[in-house]
Enquirer: 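Would you mind keeping the following structure in view while I ask a few things?
Within every chain, numbering begins at 1; the chains are lettered A, B, ... in the order of the sequence lines, protein sequences first and strands thereafter. Computation of the quantities below employed the complete heavy-atom set of this structure, encompassing side-chain atoms and omitting hydrogens, waters and symmetry-equivalent molecules.
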Amino acid sequence: MRRYFGRKLAIYALTFVVAVTLNWIIPRFMPGDPVLRMLTRTSVSNPEAIAPMRAYYENVFGLDVPLWKQYVNYWVELFQGNLGVSVWLFPAPVADVILHAVPYTLALLLPSILLSWWAGNKVGALAARSTWLDNTALPVSYALTATPYMWLGILLAWGLGIVAGVFPVAGGYSFELRPDWSWVFVGSLALHWFLPFLSLFLVAFGGWAIGMRNLIIYELEADYASYLAALGAPRRLIRRYAFRNALLPQITGLALQLGVLVSGALVTEIVFAYPGLGHLILQAIQNQDFFLLQGAFLFIVIGVLVANFVIDIVYVLVDPRTRTGMQGAA
Amino acid sequence: MTEPGQLTDTDHVAAPGVPALAEPVVSLAGRRRETLHFALRNKKVVGALVVISGFLVLGLVAPLFTDHGPNEYVGPPAAGPSADYWFGTTTFGQDVFLQFANGIRSTFVVGLLGGGLAALIGMTVGFVAGYRGGLVDELLNMLTNIVLVLPALAVLIILHAYVGVTSVPMQAVFIGLFSWPWVARAVRAQTFSLRSREFVDLARLSGMRPLAVIRREIAPNMSSYLFMTFILLFGGSVLMAATLDFIGLGPTDAISLGLMMNSAVHWSALHLGLWWWFVPPGAAITAIVGALYVMNVGLDEVFNPKLREM
């Protein structure tokens with residue numbers, strides 16, 4: 001058990017180091033001069049003012065010390081929780097800006113991932129041996145899983161939001177309200193949350209349903225299923241075993257899909273101007289706010305790594321084979 | 001997005017989307033003819049091919065019949081679909097149909113180039129790791145795992161933001177560089193199982209070089225799987241490019257379906273009710289990627305006799 005988790009943790013730690021290093025390398029070694037772009041953004045007309053500003057930015061980036069020291073400094077700053085100062089929301093620290101946005105993103109991501117996984121697996125398992133459901137649910141699922149997240153979001157916002165006028169299409173809560181814990185505010189929060197949630201849910205749902213359907217069909221053709229059937233076991237029992245076996249690869253699939261799901265959430269937030277990380281990234285790009293962009297990148301990487309580790313733990317909990325295997329062999 | 005059913009197969013189960021590895025009994029030409037025979041009788045494969053080639057022809061031919069660029073202001077602003085402008089015009093009077101046709105071109109470029117590059121890297125890493133084993137395998141496996149957990153879109157956002165992508169092929173290369181790891185894992189697993197087969201041993205004993213063994217003995221036995229992998233990578237690259245373009249990190253000197261949606265949302269086409277601006281690009285992506293997935297299911301039936309409904 002310790003060896004298994006040790007290996008996994010080592011990979012995640014290495015990935016984190018690679019991510020931080022990429023985050024450090026890209027601004028420094030890639031073509032393009034971010035400092036110059038930030039300077040042009042401020043559009044200072046007086047050429048004499050450029051030089052001190054340039055010096056200031058190079059100091060902020062820490063570009064005025066040797067390379068190896070820049071790298072070490074970068075890590076030190078990171079562990080102090082210092083991700084720099086946002087340009088867009090000057091002078092708010094990047095870490096604060098991001099921490100305000102993360103709850104919105106999580107509120108979209110967690111329910112949509114878990115619910116779509118659960119519902120997709122259920123429907124997929126039902127479709128596996130019912131011709132009627134298979135003929136309706138499967139084409140729909142293929143269409144959904146091929147849909148770009150933002151397009152479904154746009155269609156929902158347009159159809160249910162603007163044409164039907166049922167749901168609001170922008171913001172995390174009504175612009176007339178201030179955040180507090182009143183019923184009015186929570187209601188507004190839920191109303192604004194629903195459409196982005198729905199579009200994330202639907203696209204992810206299609207993929208899970210297809211995956212589960214295919215897995216169940218394979219499981220039902222396995223020897224143990226035929227054996228049980230020959231013994232006269234009820235179909236329900238066989239299907240239940242098949243479902244439980246098919247869930248394992250779906251859990252692995254969840255880990256592999258995390259990146260795609262997160263990117264789906266980012267663009268969905270942009271469609272609905274939902275105040276999460278995606279919205280921040282958009283603002284950061286439009287305002288050339290590189291500190292904010294890099295901070296958001298690190299947060300996404302950390303989030304995905306943590307989620308991966310949680311899935312690893314869940315996998316060990318649900319699959320007895322990994323547990324006995326680890327105790328016996330290692 | 002690649003469909004989960006195809007992705008989950010690497011470690012724990014016999015893969016659902018993977019055809020059984022057939023021993024080479026029939027001659028290669030004969031097998032090819034047989035595959036073609038079944039492929040052309042499979043409704044899913046044929047239907048998907050019709051959809052995809054329809055879009056391809058549209059993307060290749062339609063831009064030839066006009067002397068305007070896709071971003072030129074040619075018509076009345078915000079006009080609905082008409083005989084002159086089939087898909088209407090944008091708020092600035094750009095021809096949506098022209099943008100659409102050019103965008104489909106970009107979509108195919110991204111899919112072919114990005115998917116192709118990812119397939120190439122993934123297969124190389126998978127073959128080498130699976131065939132050599134040992135330390136090489138350990139190192140490549142570690143690299144694969146790292147790129148696998150790293151959220152590709154986040155890395156691509158940073159890269160695009162700093163480097164500034166100007167052309168569609170450049171974007172495709174970036175996408176390809178970060179979407180290969182699941183292919184490498186799957187190919188590695190299959191190479192592992194093939195490596196100890198007798199015909200591979202025989203080839204090795206007869207003095208074949210490792211590269212030749214991989215190319216002539218191992219790869220042909222999973223060619224169907226490799227082809228299906230490429231199809232999934234094609235679809236994944238298209239969706240990834242659309243996502244990046246939509247965020248506003250698309251190529252600056254081209255038009256793509258994602259960029260169309262980006263400008264539609266940016267210039268509030270939703271509130272102005274200009275549905276012809278944002279419905280076609282998303283519908284085209286859905287149709288192309290959906291057709292690719294359906295083709296994959298059909299090909300699975302073609303390559304795997306167990307699944308054939310006849």
Enquirer: Working to the nearest 0.5 Å, report the span between CD1 of A:Ile300 and CD1 of B:Ile157.
Expert: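 It is 6.0 Å, given to the nearest 0.5 Å.
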Enquirer: Measure B:Val238 against the heavy atoms of chain A and call it side chain, backbone, both or neither at under 4.5 Å.
Expert: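 It is neither, since no heavy atom gets under 4.5 Å.
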Enquirer: I need the single residue from A:Leu144, A:Thr147, A:Thr145 that forms a side chain to side chain contact (heavy atoms under 4.5 Å, CB included) with B:Thr286. Which is it?
Expert: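 Checked A:Leu144, A:Thr147, A:Thr145 against B:Thr286; only one passes side chain to side chain contact (heavy atoms under 4.5 Å, CB included): A:Thr147.
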Enquirer: Do B:Phe278 and A:Trp158 make the cut of ring centroids closer than 6.0 angstrom?
Expert: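 Judged by ring-centre distance (under 6.0 Å), B:Phe278 and A:Trp158 do meet the cut-off.
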Enquirer: In the structure I gave you, are the side-chain heavy atoms of B:Val149 and A:Phe309 within less than 4.5 Å of one another anywhere?
Expert: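 No, side chains not in contact.
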Enquirer: With a 4.5 angstrom heavy-atom cut-off, is it the side chain or the backbone of B:Val265 that approaches chain A, or both, or neither?
Expert: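 Just the side chain, heavy atoms under 4.5 Å.
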Enquirer: If you round to the nearest 0.5 Å, how far is CZ of A:Arg7 from CE of B:Met142?
Expert: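 The CZ atom of A:Arg7 is 7.5 Å from CE of B:Met142, to the nearest 0.5 Å.
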Enquirer: Heavy-atom distance under 4.5 Å to chain B: side chain of A:Leu138, backbone, both or neither?
Expert: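 When you check distances to chain B, no heavy atom of A:Leu138 falls under 4.5 Å.
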Enquirer: For B:Leu270, is it the side chain, the backbone, both, or neither that has a heavy atom closer than 4.5 Å to a heavy atom of chain A?
Expert: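 For B:Leu270, backbone and side chain are both near chain A.
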Enquirer: Based on non-hydrogen pairs under 4.5 Å, which of B:Asn145, B:Ile247, B:Ile288 is most in contact with chain A?
Expert: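 With the most close heavy-atom pairs to chain A, the winner is B:Ile247.
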Enquirer: Counting only heavy atoms closer than 4.5 Å, note whether A:Ile281 contacts chain B via side chain, backbone, both or neither.
Expert: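 Side chain only.
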Enquirer: Which atoms of B:Ala242 come close to chain A, meaning under 4.5 Å heavy atom to heavy atom: side chain ones, backbone ones, both, or neither?
Expert: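 For B:Ala242, the contact with chain A is made by backbone and side chain together.
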Enquirer: Apply the side chain to side chain contact (heavy atoms under 4.5 Å, CB included) test between A:Val267 and each candidate in B:Asn262, B:Leu244, B:Thr243; give the one that qualifies.
Expert: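 For A:Val267, the side chain to side chain contact (heavy atoms under 4.5 Å, CB included) test succeeds with only one of B:Asn262, B:Leu244, B:Thr243, which is B:Thr243.
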Enquirer: In Å, rounded to the nearest 0.5 Å, how long is the span from CG of B:Leu150 to CZ of A:Phe297?
Expert: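 Nearest 0.5 Å value for the CG-CZ distance: 5.5 Å.
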Enquirer: Considering only heavy atoms, which portion of A:Leu155 lies under 4.5 Å from any heavy atom of chain B: side chain, backbone, both, or neither?
Expert: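 For A:Leu155, the contact with chain B is made by the side chain alone.
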Enquirer: With side chains defined as the heavy atoms from C-beta onward, is the minimum distance between B:Phe246 and A:Ile270 less than 4.5 Å?
Expert: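 In short, these two side chains touch, coming nearer than 4.5 Å.
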Enquirer: Looking only at heavy atoms and a cut-off of under 4.5 Å, which of B:Val294, B:Val155, B:Leu153, B:Ile158 has the most pairs with chain A?
Expert: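 Winner by heavy-atom pair count: B:Ile158.
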Enquirer: Which atoms of B:Leu249 come close to chain A, meaning under 4.5 Å heavy atom to heavy atom: side chain ones, backbone ones, both, or neither?
Expert: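 Just the side chain, heavy atoms under 4.5 Å.
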Enquirer: Tell me, side chain or backbone of A:Leu293 under 4.5 Å from chain B's heavy atoms, or both, or neither?
Expert: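 Both backbone and side chain.
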Enquirer: Where does A:Tyr12 contact chain B at under 4.5 Å (heavy atoms): side chain, backbone, both or neither?
Expert: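 Just the side chain, heavy atoms under 4.5 Å.
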Enquirer: Among A:Gly120, A:Pro148, A:Ala284, who wins on heavy-atom pairs under 4.5 Å with chain B?
Expert: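 Going by pairs under 4.5 Å, I would pick A:Pro148.
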Enquirer: Does atom CG of A:Asn135 have more than 12 heavy-atom neighbours, drawn from other residues, nucleotides or ligands, at distances under 6.0 Å?
Expert: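 It does: A:Asn135 CG has more than 12 such atoms within range.
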Enquirer: Report the distance from atom OH of A:Tyr142 to atom CG of B:Leu292, rounding to the nearest 0.5 Å.
Expert: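 One finds 12.0 Å between OH of A:Tyr142 and CG of B:Leu292.
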Enquirer: Please look at B:Ala291 and chain A and tell me whether the side chain, the backbone, both or neither of the residue comes under 4.5 angstrom of a heavy atom of that chain.
Expert: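 Neither part; nothing is under 4.5 Å.
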Enquirer: Which residue out of A:Thr15, A:Leu282, A:Val304 racks up the most heavy-atom pairs below 4.5 Å with chain B?
Expert: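 The option with the most such pairs is A:Thr15.
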Enquirer: With a 4.5 angstrom heavy-atom cut-off, which part of B:Val279 approaches chain A: side chain, backbone, both or neither?
Expert: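 Answer is both: backbone and side chain atoms of B:Val279 are under 4.5 Å from chain A.
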Enquirer: Give a yes or no on whether A:Trp24 atom CH2 has more than 12 heavy-atom contacts from other residues, nucleotides or ligands under 6.0 Å away.
Expert: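 Buried by this count: over 12 neighbours within 6.0 Å.
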Enquirer: Looking only at heavy atoms and a cut-off of under 4.5 Å, which of A:Asn23, A:Val163, A:Val18, A:Ile162 has the most pairs with chain B?
Expert: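 Ranked by heavy-atom pairs under 4.5 Å with chain B, first place is A:Ile162.
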Enquirer: Look at A:Ser263, A:Ala246, A:Gly161, A:Pro139 and state which one has the largest set of heavy-atom pairs under 4.5 Å with chain B.
Expert: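 It is A:Ser263.
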Enquirer: B:Pro151 versus A:Leu258: any side-chain heavy-atom pair under 4.5 Å?
Expert: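 No. Closest side-chain heavy atoms not under 4.5 Å.
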Enquirer: Specify whether B:Tyr162 and A:Phe290 have parallel, tilted or perpendicular ring planes, treating 30° as the upper limit for parallel and 60° as the lower limit for perpendicular.
Expert: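 It falls in the parallel class, under 30°.
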Enquirer: Is there a side-chain contact between A:Tyr149 and B:Leu239 (heavy atoms, below 4.5 Å)?
Expert: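 Counting from C-beta outward, A:Tyr149 and B:Leu239 never come under 4.5 Å.
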